[in-house]
Amino acid sequence: MKIVIIGTNHAGIAAANTLLDKYLGHEIVMIDRNSNMSYLGCGTALWVGRQIDQPHELFYARPDEFEAKGATVLTETEVSTIDFQKKQVHAIAKTGETLVEDYDKLILAMGSRPIIPKILGNELEGIHFLKLFQEGQAVDEEFAKESVKRIAVIGAGYIGTEIAEAAKRRGKEVLLFDAEATSLASYYDEDFAKGMDENLSKQGIELHFGEIAQEFKGTNGRVSQIVTNKNSYDVDMVINCIGFTANSALASDQLDTLKNGAIKVDKHQQTSDPDVYAVGDVASIYSNALQDFTYIALASNAVRSGIVAGHNIGGTSLESAGVQGSNGISIFGYNMTSTGFSVKAAERFGLDVSYTDFEDKQKAWFLHEDNDTVKIRIVYEKESRRIVGTQMASYSEIIAGNINMFSLAIQEQKTIDELALLDLFFLPHFNSPYNYMTVAALNAK
Ligand SMILES: Cc1cc2nc3c(=O)[nH]c(=O)nc-3n(C[C@H](O)[C@H](O)[C@H](O)COP(=O)(O)OP(=O)(O)OC[C@H]3O[C@@H](n4cnc5c(N)ncnc54)[C@H](O)[C@@H]3O)c2cc1C
Ligand SMILES: NC(=O)C1=CN([C@@H]2O[C@H](COP(=O)(O)OP(=O)(O)OC[C@H]3O[C@@H](n4cnc5c(N)ncnc54)[C@H](O)[C@@H]3O)[C@@H](O)[C@H]2O)C=CC1
């Protein structure tokens with residue numbers, strides 16, 4: 001079979017490798033408009049904040065590796081249209097040459113694109129987005145300028161808080177804006193997100209929450225002021241981080257989609273056209289917390305959905321296990337992890353939930369060195385008592401491992417009562433005989 005893959009970043013790479021490594025004999029054509037592949041966006045803030053000194057290790061794959069496995073890789077080639085009836089992909093190479101690729105099976109891996117705030121002054125110089133490696137390079141170059149002193153970051157989600165930390169680490173004055181009342185409002189309940197807010201303030205980041213940018217003003221063509229619904233602020237640079245949306249324009253009028261444009265797939269990653277699969281940020285995904293398909297743009301999901309599509313096209317019928325949107329963040333050493341729903345998110349999706357909170361030291365009480373406090377909330381459905389979400393916050397890094405147990409618990413629909421008596425090891429170096437996960441579950445009403 002001839003398989004064409006549009007988009008060769010995390011999801012496209014995972015699908016291509018699965019096919020090339022496990023199902024020999026197919027013709028694989030990989031097309032991407034970018035000049036690089038596999039860039040780990042999560043490294044941008046680390047590199048721009050000089051927590052790592054350069055970006056070259058943030059790539060893990062190159063076109064020649066796929067060519068060595070027999071694939072055709074067309075980089076700097078933009079797909080312009082897809083003819084789903086004739087099963088043809090039309091593209092334009094960097095040289096301007098047009099090309100048509102027939103396909104037997106097509107994998108859509110065009111990912112996501114940043115949401116652009118539709119406000120006056122958007123075209124001014126000094127206004128940035130943060131998705132591609134090239135955009136990270138541009139922000140890094142700006143941070144190197146003495147004249148760039150005050151940075152406005154719009155959006156205090158994951159990218160915004162991470163790049164705000166990076167700017168602070170580079171000695172900049174940072175103003176962090178968000179429409180919501182706290183940072184990370186999409187992932188954590190308020191009394192958890194407040195811990196991150198305190199951490200950001202303590203590090204000297206100026207918080208402007210419940211504030212929406214309404215206009216960018218400029219001097220000689222470069223942004224010099226941001227006007228919000230509350231005030232105006234002199235700034236030297238703006239970084240927009242107000243979320244991503246599915247990059248599905250090539251297919252959204254032909255294939256079934258969610259309301260936000262993400263291409264609807266089943267658990268085999270198949271779209272409403274049986275010869276077309278969609279993976280990663282461009283596709284919907286099954287949430288075990290919601291028990292339905294939704295949109296969760298994460299690299300972890302991109303990789304797994306690419307693998308599932310590769311197997312199904314290769315001939316092995318494989319279902320996605322579904323996801324919980326497990327994620328984490330670490331800002332100036334303050335760590336937060338979550339999986340499934342916060343109470344706020346669960347209620348927004350119409351689930352009737354309760355929750356149990358607890359706070360304790362990570363390690364046994366008699367260890368006084370390097371023993372951080374952990375805050376935990378476990379959210380569960382009132383009726384079924386199945387766990388639908390967990391959030392943790394601590395300077396301890398151990399919470400990063402613990403959240404994955406809750407991810408499995410949600411996937412397997414375990415109840416809060418089953419968790420209460422789960423076998424969890426005890427060693428004073430790591431936890432307590434009654435550790436905070438057990439106690440939180442035992443306390444559930
Ligand atoms: C700054 C930042 C930090 C992040 N940190 C994390 C993290 O810590 N953990 C995590 O899980 N996720 C993180 N993410 C999210 C993660 O990067 C995405 O979920 C992931 O990139 C999705 O992979 P994808 O392959 O589906 O899509 P994308 O990475 O968006 O790739 C899509 C590809 O398709 C190509 N393409 C699109 N349209 C066309 C076209 N018409 N023709 C040809 N090619 C096309 C693009 O060039 C691109 O290479 C982060 C994202 C950013 C921006
Ligand atoms: N550690 C991780 O797992 C990371 C994951 N990612 C993923 O990448 C994707 C993109 O991340 P983000 O861009 O941070 O999206 P996000 O959805 O995490 O955050 C967007 C933020 O912008 C705010 N916002 C929206 N419109 C606004 C407006 N007009 N004015 C002010 N604030 C506004 C929202 O309230 C939200 O807090 C997400 O899917 C995220 O999960 C990104 C970085 C790190």
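As the structure lists them, so they are numbered: ligands from 1, and atoms in each ligand from 1.
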Legend entry - Protein contact of atom 15 (O) of ligand 2 - nearest heavy atom, named by residue and atom, plus distance: Gly243 CA, 3.4 Å

Legend entry - Residues in the immediate environment of ligand 1 (any heavy atom closer than 4.0 angstrom): Gly7, Asn9, His10, Ala11, Asp32, Arg33, Asn34, Gly41, Cys42, Thr77, Glu78, Val79, Ala109, Met110, Gly111, Ser112, Leu130, Lys131, Ile159, Phe244, Asn247, Leu250, Gly280, Asp281, Ala297, Leu298, Ala299, Ser300, Ala302

Inset, instruction - Quick one: sort the His311 and Tyr23 rings into parallel, tilted or perpendicular, breaks at 30° and 60°. - result: perpendicular

Legend entry - Minimum-distance pair of heavy atoms, taken over all atoms of Lys168 and Gln203: CE-O, 3.2 Å

Inset, instruction - List every atom of ligand 2 that sits less than 4.0 Å from any heavy atom of Cys241, numbering the atoms from 1 in the order shown and giving each element. - result: 13 (O), 20 (C), 21 (C), 22 (O)

Legend entry - Pi-cation contact, Phe293 with Lys264 (under 6.0 Å, within 45°): no

Inset, instruction - Classify the contact between Leu298 and ligand 2 as side chain, backbone, both or neither, using a heavy-atom distance cut-off of under 4.0 Å. - result: side chain

Legend entry - Any donor-acceptor N or O pair under 3.5 Å, side chains Gln134, Asn34: yes

Inset, instruction - With sequence neighbours excluded, give me every ring-ring contact (aromatic ring centres under 6.0 Å, His included) pair touching residues 81-123. - result: none

Inset, instruction - Verify the distance criterion only: is there a donor paired with an acceptor across the side chains of Gln270 and His268 at less than 3.5 Å? - result: no

Legend entry - Heavy atom of the protein closest to atom 7 (C) of ligand 2 (residue, atom name, distance): Ala297 O, 3.7 Å

Inset, instruction - Taking only heavy atoms of Glu180 into account, list the atoms of ligand 2 that are under 4.0 Å away from them. - result: 35 (O)

Inset, instruction - Answer with yes or no after comparing the ring centroid distance for Phe358 and Tyr436 against a 6.0 Å cut-off, counting only values under it. - result: no

Legend entry - Pair Tyr187 and Phe341, ring centroids less than 6.0 Å apart: no

Inset, instruction - Identify the protein heavy atom lying closest to atom 30 (N) of ligand 2, giving its residue, its atom name and the separation to 0.1 Å. - result: Ile154 CG2, 3.9 Å

Inset, instruction - Measure centre to centre between the rings of Tyr60 and His10, then say whether the value is under 6.0 Å. - result: yes

Legend entry - Contact atoms of ligand 2, heavy-atom distance to Glu162 under 4.0 Å: 1 (N), 43 (C), 44 (C)

Inset, instruction - List the closest protein heavy-atom neighbour of atom 29 (N) of ligand 2: residue, atom name, distance to the nearest 0.1 Å. - result: Ile212 CG2, 4.1 Å

Inset, instruction - Would you name the heavy atoms of Ala289 and Gly340 that are closest together and state the gap between them? - result: CB-CA, 4.0 Å

Legend entry - Short side-chain donor-acceptor distance under 3.5 Å, Glu211 and Thr228: yes

Inset, instruction - Taking the six-membered ring for Trp and the full ring for Phe, Tyr or His, determine whether the centres of Tyr395 and Tyr334 are under 6.0 Å apart. - result: yes

Legend entry - Pairwise side-chain contact, Val4 with Leu106, heavy-atom cut-off 4.5 Å (strictly under): yes

Inset, instruction - May I ask whether Gly328 places a heavy atom under 4.0 Å from ligand 2? - result: yes

Inset, instruction - Note the single closest protein heavy atom to atom 42 (C) of ligand 2, along with its residue, its atom name and the distance in Å. - result: Ile159 CG1, 3.4 Å

Legend entry - Closest protein heavy atom to atom 32 (N) of ligand 2, given as residue, atom name and distance to 0.1 Å: Ala179 N, 3.1 Å

Inset, instruction - State if Cys42 counts as touching ligand 2 under the rule of any non-hydrogen atom under 4.0 Å. - result: no

Inset, instruction - State whether a side-chain donor-acceptor pair under 3.5 Å links Ser330 with Asn335. - result: yes

Legend entry - Nearest-neighbour protein heavy atom for atom 37 (O) of ligand 2, which is reported as residue plus atom name and distance: Asp178 OD2, 2.7 Å

Legend entry - Region of Ile242 that comes within reach of ligand 2 [heavy atoms, distance under 4.0 Å]: both

Legend entry - Heavy-atom nearest neighbour in the protein, as seen from atom 19 (O) of ligand 2, with distance rounded to 0.1 Å: Gly157 CA, 3.3 Å

Inset, instruction - May I ask which of Phe244, Tyr187, Tyr295 has a heavy atom nearer to atom 38 (C) of ligand 2 than the others do? - result: Tyr187

